[in-house]
2 protein chains.
Amino acid sequence: MRGNLFAVAVDLVVLTVRRAELCVLLVERGAPPYAGSPALPGGFVRPDEDLVDTAARELAELTGATGRAVTGHLEQLGSYAAPDRDPRGRVLSVGYVAILPDLPDLPQPPAGSDAPAGAWRPVGPLLESPAGLAFDHDRILADGVERARAKLEYSTLAASFCPPEFTVTDLRRVYEAVWRTTIDPRNFSRKVTSADGFLEPTAALVTGGRGRPAQLFRRGPATALHPPMLRER
Amino acid sequence: MRGNLFAVAVDLVVLTVRRAELCVLLVERGAPPYAGSPALPGGFVRPDEDLVDTAARELAELTGATGRAVTGHLEQLGSYAAPDRDPRGRVLSVGYVAILPDLPDLPQPPAGSDAPAGAWRPVGPLLESPAGLAFDHDRILADGVERARAKLEYSTLAASFCPPEFTVTDLRRVYEAVWRTTIDPRNFSRKVTSADGFLEPTAALVTGGRGRPAQLFRRGPATALHPPMLRER
DNA sequence: GCAAAAGTGTTGAGGCTACACCCATGG
DNA sequence: CCATGGGTGTAGCCTCAACACTTTTGC
């Protein structure tokens with residue numbers, strides 16, 4: 001074994017859709033380096049943790065997920081270990097992407113936690129003028145967003161942005177927000193309801209809005225989407 | 001910064017196609033743990049290296065790439081850090097996938113190197129009865145092969161398995177070997193030659209085989225493949 | 001000539017886009 | 001009644017799988 005050792009951290013790209021925009025959860029750094037700068041939430045891997053355990057623990061701390069099973073998605077994005085990425089020394093950061101439904105009560109820090117409050121920020125401005133985030137988090141964020149955009153095409157990941165029960169329009173708004181595009185509602189509806197295992201109808205309808213009530217769906221067992229949803233080129 | 005530190009290694013899944021089979025480059029471990037077992041080639045990250053630099057250095061040592069620019073592909077696969085994956089202590093391994101054309105002179109160790117000789121092994125038996133490899137390399141291998149299989153669908157990665165100039169049949173044999181399937185040669189030819197930026201024709205033809213001589217191509221500038229190549233389901 | 005491999009033409013099935021049209025609700 | 005959003009029908013376009021057919025070589 002060699003003498004050059006690394007601290008290993010996990011940083012999270014937590015994504016959701018709020019008000020028709022793709023948003024990421026950022027925290028403000030309280031200590032140097034980059035004190036006061038916005039950053040991706042993260043922390044060091046503990047002695048007996050595997051990477052995904054660290055990611056899940058961090059996510060639970062952020063969302064205050066005590067018991068409430070968050071219906072989201074969590075996957076490894078990649079590792080970042082440029083020699084000068086952290087002035088304190090050699091730190092390898094493993095990025096994870098988390099997808100959550102829009103939980104209205106999320107940005108409140110759990111009472112008694114030492115974690116700083118997180119805040120949802122639209123990703124658009126962050127990606128266009130990437131000057132703000134600490135460390136190399138601008139790049140991790142960009143890679144995470146690109147991963148999510150790509151996976152909408154050929155997987156059922158979009159349902160992870162939605163609450164347990166949702167309408168076809170809710171799902172379409174996810175695609176439109178993440179891809180920053182518009183999709184024909186009628187063709188979209190036909191496509192996702194006929195894709196095997198994507199959506200399972202419930203008995204309920206949504207009333208209260210204008211217009212005809214919409215069918216409510218739960219996500220089905222499929223994870224891959226065949227044929228894929230096509231993004232415009 | 002915390003006191004629990006990791007050694008960080010890079011392990012390579014080096015893939016090629018030989019005799020119509022997808023093969024991986026394995027080495028034999030010379031020292032404990034797992035002395036004598038086959039393993040993925042790899043090594044520790046040096047103090048001033050970024051991860052991809054370590055991967056490229058390891059690959060160059062394996063291929064004896066002194067000057068000869070290898071035309072292949074190298075990309076990060078993911079990180080593996082289960083607490084008990086290495087009996088010596090806490091080791092995080094970053095997997096990389098490398099794609100090379102079939103270089104007939106590869107398994108010879110470069111003279112004077114301390115690296116053990118690598119040997120090409122077909123991946124089929126390794127994936128079907130995964131008992132042989134050291135550490136968690138069976139899983140890293142499986143993940144690397146799955147990455148390569150998936151990327152053939154929507155990228156021009158297959159050309160990285162070929163020498164600088166190749167025929168449409170060479171390219172088709174790559175798909176057939178990696179996917180373990182058969183593809184109609186006539187439809188395949190039309191598809192890849194009409195895909196924008198995938199193949200650039202050269203003036204040369206290949207003679208010497210039976211049948212009509214084939215057009216030689218170089219790889220074009222495209223990296224994405226639209227529309228994708230479809231795998232049977 | 002014959003086998004083998006490269007490459008072109010054609011046809012039918014199915015997915016996609018675009019849009020006309022109908023359904024069900026709130027005001 | 002009418003605006004609004006949910007959902008179905010359908011026509012034209014494009015891609016794909018399948019396969020007949022032509023081209024060009026080695027033997």
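Proteins get letters first, then strands, A, B, ... in listed order; numbering begins at 1 in each.
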Any donor-acceptor pair, under 3.5 Å, between the side chain of B:Arg190 and the base of C:dG9, if you only look at N and O atoms?
yes
Return the nearest nucleotide to the side chain of A:Pro213; candidates are C:dT25, D:dG7, D:dT24.
C:dT25
So what does B:Pro227 touch, heavy atoms closer than 4.0 Å: a base, only the sugar-phosphate, or nothing?
sugar-phosphate
Between D:dA17, D:dG7, D:dT4, which nucleotide has the shortest distance from any of its atoms to the side chain of A:Val168?
D:dG7
Roughly how many Å is it from NE2 in A:His226 to P in C:dC16, rounded to a whole number?
13 Å
Do A:Phe217 and A:Phe198 have ring centroids that are under 6.0 Å from one another?
no
How many whole angstroms separate atom CG of A:Asp184 from atom C1' of D:dG7?
11 Å
So among A:Val52, A:Leu100, A:Val97, which one has a side-chain contact (heavy atoms from CB on, under 4.5 Å) with A:Leu74?
A:Val52
Closest to side chain of A:Gln215, choosing from C:dT17, C:dG7, D:dG7:
D:dG7
Using a strict threshold of under 4.0 Å (side-chain N to carboxylate O), is an ion pair present between A:Arg218 and A:Glu200?
no
Give the rounded distance in Å between these two atoms: CZ of B:Phe188 and P of D:dT15.
18 Å
Would you kindly give the CG-to-P distance between A:Leu205 and D:dG5, to the nearest whole Å?
18 Å
Please state whether the base of C:dA24 and the side chain of A:Arg212 form at least one donor-acceptor pair under 3.5 Å?
no
Base, sugar-phosphate or nothing for B:Thr193? Non-hydrogen atoms, less than 4.0 Å.
nothing
Indicate, with a heavy-atom threshold strictly under 4.0 Å, whether B:Arg186 touches base, sugar-phosphate, or nothing.
base
B:Leu230 side-chain proximity, nearest of D:dC16, C:dC16, D:dG6
D:dC16
Between CG of B:Leu216 and C1' of C:dA6 the distance, given in whole Å, is 13 Å
So, OP1 or OP2 of C:dC16: does either fall under 4.0 Å of a side-chain N or O from A:Lys191?
yes
How many whole angstroms separate atom CE of A:Met229 from atom C1' of C:dT17?
14 Å
Presence of A:Thr207 side-chain N/O under 4.0 Å of C:dG26 phosphate oxygens OP1/OP2
no
Flag for A:Ser160-A:Arg219: side-chain donor and acceptor within less than 3.5 Å:
yes
Distance in angstrom units between A:Leu225 CG and C:dG15 C1', rounded:
13 Å
Atom CG of B:Asp170 and atom C1' of C:dG7: how far apart are they, to the nearest Å?
16 Å
Quick check on D:dG6: is either OP1 or OP2 less than 4.0 Å from any side-chain nitrogen or oxygen of A:Thr169?
yes
What's the separation between atom CG in B:Leu171 and atom CZ in B:Phe166, rounded to the nearest 0.5 Å?
5.5 Å
Is any side-chain heavy atom of A:Val178 less than 4.5 Å from a side-chain heavy atom of A:Phe161?
yes
Could one point to a donor on the side chain of A:Arg210 or the base of C:dT25 with an acceptor on the other under 3.5 Å away?
no
